[in-house]
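Since the structure comes first, as structure tokens, the remarks are kept for the end.
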Protein chains: 2
Amino acid sequence: MPTHFTGSRAEMRTLDTFIKLTRCTNALLSRLAERNTIGDLTYSQFAVLEALYHLGPMTAGEVSQKVLKSGSNMTLVIDNLERDGLVRRERDAQDRRVIRVHLTEAGSHKLEDVLPGHIAALVEELSVLSASEQETLGALCKKLGMRTIQDRSKTK
Amino acid sequence: MPTHFTGSRAEMRTLDTFIKLTRCTNALLSRLAERNTIGDLTYSQFAVLEALYHLGPMTAGEVSQKVLKSGSNMTLVIDNLERDGLVRRERDAQDRRVIRVHLTEAGSHKLEDVLPGHIAALVEELSVLSASEQETLGALCKKLGMRTIQDRSKTK
DNA sequence: GTCAAATAGTTCGATGTCGAAATATTACCC
DNA sequence: GGGTAATATTTCGACATCGAACTATTTGAC
């Protein structure tokens, strides 16, 4: 996009890398969306169901941490999942501030219905990269994603 | 998220790569958001202003293609930019279906205010990767992301 | 020339997303 | 034990995002 930007060599390289990274991620996600690999679920709903499926019942706050979204957002996503009968809320008896979110039978079945196809689609989409390319990409993304405030490593 | 998923070696590797890619992108974007590098603009608004700044006035449809968002979405983003006096719509005299979007003076100044800081922040964030690592990451992302375009042009 | 198809943009309804404020409950301190 | 701080969740307002339906305009076929 900033094809007409002019800057230092480092700036140009950084922008180029950033654009490719964000476009790649967007393209991959929209390709998966087009394939309709998760049925009538939204990606957010899928992420919540998957977390509950693999990790078991959790509080609303734990779900929001697992899927890296805000608490207020989780309220809505869980509302919609509950409306559709895929999860249920249960108030904790000991600490009545806490809501524990459970998968229903329908929720389990729904996830089991779509998960294999979703993974197959992912494998297919990423098959343009060889195994070692995937590992390299993963390692670089991890390095870039892990960066924290105190990471003052001035590598060039 | 699917930390407890068990599958074939290829499936595990694919999922691992996918998770790292999406988390890396999310982390990078939210770190930039935290830094407040684009002032009171939203990222969508920034993208539209940047496209207009570097490429000149465009129709609403062209803007939506440049920033890879839907037309209906562009209507809202441009509405808000127009409300804030950063762009203006001009109806084409020849073809009255067409709306051309122009940066205003205020819009240009706004972008010039935030762009250098935004680029500096990007350069700093990506500095955890060496120049050659950035190029490798860019190349892998391009390879993975390009597939969508090829597929679309084939199908369409 | 007229009417149907194509095109550009907007409107609408649903969902997602955030941060700030509100609510409810529990924990803590003296 | 009563008041305040901390914690968990929801509510609210704003913006983003999509696809489908709609409006206005132009183009094309006959």
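Just so we're on the same page: letters track the sequence lines, and every chain starts at 1. When reading the values below, keep in mind they use all heavy atoms of this one structure, side chains included, and skip hydrogens, waters and symmetry mates.
An end-to-end axis angle of 0° holds for the helix from C/dG1-D/dC30 to C/dC30-D/dG1, taken from five base pairs per end and rounded to 10°.
Taking the charged nitrogens against the carboxylate oxygens, B/Asp79 and B/Arg89 do have a contact shorter than 4.0 Å, which makes a salt bridge.
Residue contacts for B/Thr42: at a heavy-atom cut-off of 4.0 Å it reaches the sugar-phosphate backbone alone, with no base atom in range. A/Ser44 comes within contact range of the sugar-phosphate backbone alone, with a heavy-atom separation under 4.0 Å but no base atom that close.
One interatomic measurement links the two molecules: OH of B/Tyr43 to P of C/dG19, which rounds to 17 Å at whole-angstrom precision. Here the P atom of nucleotide D/dC18 and the CE atom of B/Met74 are 8 Å apart, to the nearest Å. If you take CD of B/Gln65 and P of D/dT17, they are 16 Å apart, rounded to a whole angstrom. Residue A/Leu81 contributes atom CG, which lies 11 Å from atom P of C/dT15 at whole-angstrom precision. Taking atom CD of residue B/Glu82 and atom P of nucleotide C/dG9, one finds them 13 Å apart after rounding to whole Å. The CD atom of B/Glu34 sits 13 Å away from the C1' atom of C/dG19 (whole-angstrom rounding). One interatomic measurement links the two molecules: CD1 of A/Ile78 to P of C/dG16, which rounds to 11 Å at whole-angstrom precision. Rounded to a whole Å, the NZ atom of A/Lys69 is 18 Å from the P atom of D/dT10.
When the nucleotides D/dC15, C/dT11, C/dT17 are ranked by their closest atom to the side chain of A/Leu76, C/dT17 comes out on top. The side chain of B/Asn80 sits closest to D/dA16 out of D/dT9, C/dC18, D/dA16.
A sub-4.0 Å separation between OP1 or OP2 of C/dA8 and a side-chain N or O of B/Thr59 is absent. For B/Asn73 and D/dC15, the shortest distance from a side-chain N or O to OP1 or OP2 is not below 4.0 Å.
We find the NE2-CE distance between B/His102 and B/Met58 to be 11.0 Å, quoted to the nearest 0.5 Å. The CG atom of A/Leu129 sits 10.0 Å away from atom CZ of B/Arg13, with the distance rounded to the nearest 0.5 Å. Summarising the geometry, atom CG belonging to B/Leu103 is positioned 12.5 Å from atom NZ belonging to B/Lys110; distances are rounded to the nearest 0.5 Å. With values rounded to the nearest 0.5 angstrom, A/Met12 atom CE is found 10.0 Å from B/Ile119 atom CD1. In this structure, the separation between OG on B/Ser44 and CG on B/Asn73 is 6.0 Å, given to the nearest 0.5 Å. The CG atom of A/Leu81 sits 7.5 Å away from the CG atom of A/Leu41 when rounded to the nearest 0.5 Å.
Residue order along DNA chain C, read from the 5' end via each residue's closest nucleotide, puts B/Ala60 first among A/Leu68 and B/Ala60.
Annotation for A/Arg83: atom CZ counts as buried by contact number, over 12 foreign heavy atoms lying within 6.0 Å. Counting heavy-atom neighbours within 6.0 Å of A/Arg91 CZ, excluding the residue itself, gives a total above 12.
Near-neighbour residues of DNA chain D inside residues 83-91 of chain B, defined by a heavy atom below 4.0 Å, number-ordered: B/Arg83. A heavy atom lying under 4.0 Å from DNA chain D marks the following residues of residues 94-105 of chain A, by number: A/Arg97, A/Val98, A/Ile99.
The side-chain hydrogen bond (donor to acceptor under 3.5 Å, both in side chains) test with B/His118 is passed by exactly one of B/Asp113, B/Asn36, B/Thr37: B/Thr37.
Minimum interatomic distance between B/Gln45 and B/Asp40 (heavy atoms only, all atoms of both residues): OE1-O, 4.3 Å.
B/Ser64 places a side-chain N or O within donor-acceptor distance of the main-chain N or O of B/Gly61, the cut-off being under 3.5 Å.
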